[in-house]
Trainee: 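Below are the structure tokens for one structure; questions will follow.
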Number of protein chains: 2
Amino acid sequence: MSASSPTSALSADDLAALEAVLKALASERRLQILEWLKDPAAHFPPQEHGDPELHGACNLFIVEKLGVSQPAGSRHLKVLVEAGLVIPTRRKSWIYYRRDEAAIARIPELLRSI
Amino acid sequence: MSASSPTSALSADDLAALEAVLKALASERRLQILEWLKDPAAHFPPQEHGDPELHGACNLFIVEKLGVSQPAGSRHLKVLVEAGLVIPTRRKSWIYYRRDEAAIARIPELLRSI
DNA sequence: AAGGGACTTAACGACTATGTTATGTCGCCA
DNA sequence: TGGCGACATAACATAGTCGTTAAGTCCCTT
């Protein structure tokens, strides 16, 4: 995305890329996940393997806290991963998710050009 | 929305409100409209009534430039209005739309708390 | 007041999103 | 190595989005 100067015109490609990120974000469930992942240790049970600080929260914990079925929860996480907003870490037979703070921090900047 | 301090926790209400704005924005067509409305005079034909600078662009012009049917275009505009991102002005039998710059400027700030 | 132009509403179809349950796959551990 | 636990995939139902065409409403002009 060519977004750097605040008031520049946005190309069609810029708009499409923006739409993709916004679609991933435009879900209360997924916003909630991002919110929880700000502090995994505070929002999820202690994990035996996978440091909450380092690797984030386990798939199952997130799904359970969301209160939806396991496939539904996993799909939300997949959307966030594919949008580049969270980073998955496989460890043993679990998958941990943590925020990609750099990518998330870029979003307000992108929005400044709309 | 209680968003003011950058790293504060977001309430469920905050998340729902954010979702609403993001859903309105998560459309290439609507992003394109906002882009055009940055400079109506540059993107739309001259209008007899309704100053482009003051009142924005006419519904019909926007719809035509979008390249969709008139009801489809009007619905996109309605979404933007209901999200508080553009302001409609009725004049004669036309409706002009302009950006609500204050509301739009608030969005990146809101996104800083996710 | 009749007609036309601008927009809205209604009704429909296609596609996407989000949820479900059932079933697969696959790594770990006993 | 047999089985369980964690996650993925499949198949399906429902709801929302976005497009269409056809009517409806309503103001303006003549």
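Residue numbers start from 1 in every chain, and the chains themselves are labelled A, B, ... in the order their sequence lines are given, proteins ahead of strands.
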Trainee: Kindly assign one of parallel, tilted or perpendicular to the pair A:Phe44 and A:Trp36, based on the angle between their ring planes and the thresholds 30° and 60°.
Mentor: perpendicular
Trainee: Working to the nearest 0.5 Å, report the span between CD of A:Gln32 and CG of B:Asp14.
Mentor: 10.5 Å
Trainee: Does anyone know the first and last nucleotide of DNA chain C in reach of chain B, 5' to 3', at under 4.0 angstrom to a heavy atom?
Mentor: C:dA6 to C:dT9
Trainee: Compute whether any side-chain donor of one residue and acceptor of the other, for B:His76 and B:Arg30, lie under 3.5 angstrom apart.
Mentor: yes
Trainee: Within the 3.5 Å criterion, strictly below it, is a donor on B:Arg98 or B:His55 matched to an acceptor on the partner's side chain?
Mentor: no
Trainee: Tell me whether the count of non-hydrogen atoms from other residues, nucleotides or ligands lying under 6.0 Å of CD in B:Glu64 goes above 12.
Mentor: no
Trainee: Looking at A:Ala9, is its backbone amide N or carbonyl O close enough to the side chain of B:Lys38 to form a donor-acceptor pair, meaning the two atoms are under 3.5 Å apart?
Mentor: no
Trainee: According to a 4.5 Å side-chain heavy-atom criterion applied to Ile, Leu, Val, Met, Phe, Trp and Tyr, with indirect links allowed, do A:Leu25 and B:Leu34 form part of one hydrophobic cluster?
Mentor: yes
Trainee: Protein within reach of the bases, or only the backbone? For nucleotides 4-18 of chain D, mark each nucleotide 5' to 3' as B, S or -, using heavy atoms under 4.0 Å.
Mentor: --SBBB--------B
